[in-house]
Amino acid sequence: MHIPSLIGHKRDGGSLTAGEIRAVIQAFTRGEMPDYQMSALAMAIYFQGMTPEETTALTEAMLHSGSTLQWAENAPLRVDKHSTGGIGDKTSLILAPLLACDGLWVPMISGRGLGITGGTLDKLESIPGFRTQLSEEEIHGVIEKVGCVMVGQTAGICPADKKLYALRDVTGTVPSIPLITASILSKKLAEGLNRLVLDVKWGSGAFMKTNEEAHQLAQSMVTVGRALGVRSSVRLSEMNEPTGESAGNALEVAECVRCLQGHGPQDLEDIVLDLASAVSISSRSELAEMLRRGDAWRKFQQMVAAQGGKVSALEKMATVHKAPFIAEFKATHSGMLQRMDAGGIGKVVLELGAGRSKAADPVDFAVGCDRIAKTGTEIGGGDVLIRVHARTQTALEHALAVLPQHIDIV
Ligand code: URA
């Protein structure tokens, strides 16, 4: 294989064969192909794109660059969801235990937050003692006992993606549909799934800003998922206002506990039920009943205990992580809430310290926003629009000063 010729071929709009793609990924993973060549190839893919066949071959090569979770022939169906991420998107914490109540196995491998988007692992780690880094043996143990497990990527899974994503991050090649498809699906399919639902978001608080971009990514992921033998479906969701009523790690866990106990909020419950019914064997109304009865809440507590978390902390997350400075932001006049901009609220939450700008930054579990009002509702003068939880007086004042730019009442 002559790598400069392959790069040139892709640069000039040619297609690579599955064999060439496999050889490139193997050489790159083993350290036999230098980063500068892989960066050049990623840039050629960024400009020229890939055919569905090439994207499928890339996904498969990355999937097999490391270990995959193996399940017994007679094991229950394995299902999962991937969300492209948004503000206050906490659906995983409710969906995984709900699906496990349906007799399915949910071996959910998730990531950390970056930029304005929060991460499932950060939310879970706000539960005292909760361990997200489990060995493959421990993952199997929790799944067999509980039916769901929520963990970070192990060292052995998809090493090609870890290396390639790090390069893309510093070479301007993240926003490429074939590269995103291969990156996301290689990690998800390494879970050994039968069914996958993709929650592709678009809007001011999402990676994809328009419905059209989200549609293209969704189409690409569903095509590749199906080509690799996984029943894949998609839900496009708008992310122009935060999901639910909170954004920030411990605040979101507290909201999930309320939802698992049957107390909404409605938009969060609706997304969870839509996504769960796309991969479950029960109907949407049966799943809603499981949620209402508290089955998923009991399952969530079992999972938290199995992963070392303190179950008794779950109903008091607001006091376990209490920010020192809390203030309500109120409406100055009455009217209809027209805009609660997800991108803007995400930035406020990031600046409060709930998210990270660089992968190595720490996150503050206590800070963020809650009691976020929903658009379309009638607001009276003096009503609370959002409540801010800050680590310092300065951070609180800054958040309160910028919030009016992101909220409109008409
Ligand atoms: N998330 C991923 O895991 N990979 C991408 O390429 C983009 C988002």
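All ligand and atom numbering here is 1-based and tracks the order in the structure.
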| task | Do me a favour and list the nearest non-hydrogen protein atom to atom 3 (O) of ligand 1 with residue, atom name and distance? | result | K187 NZ, 2.5 Å

| query | How far is atom 4 (N) of ligand 1 from its nearest protein heavy atom, and which residue and atom name does that atom have? | reply | S183 OG, 2.6 Å

| Relative to the ring of W71, is the ring of H140 parallel (under 30°), tilted (30 to 60°) or perpendicular (over 60°)? | tilted

| message | Can you give me the closest heavy-atom contact between C158 and S186, atom names plus distance? | response | SG-O, 3.3 Å

| Quick one: do D361 and R356 make a salt bridge, cutoff under 4.0 Å? | no

| query | Counting from 1, what ligand 1 atoms have a heavy atom of Y165 closer than 4.0 Å? | reply | 4 (N), 5 (C), 6 (O), 7 (C)

| Quick one: does I184 get a heavy atom under 4.0 Å from ligand 1? | yes

| query | How long is the gap from CD1 on I271 to CZ on R235, to the nearest 0.5 Å? | reply | 5.0 Å

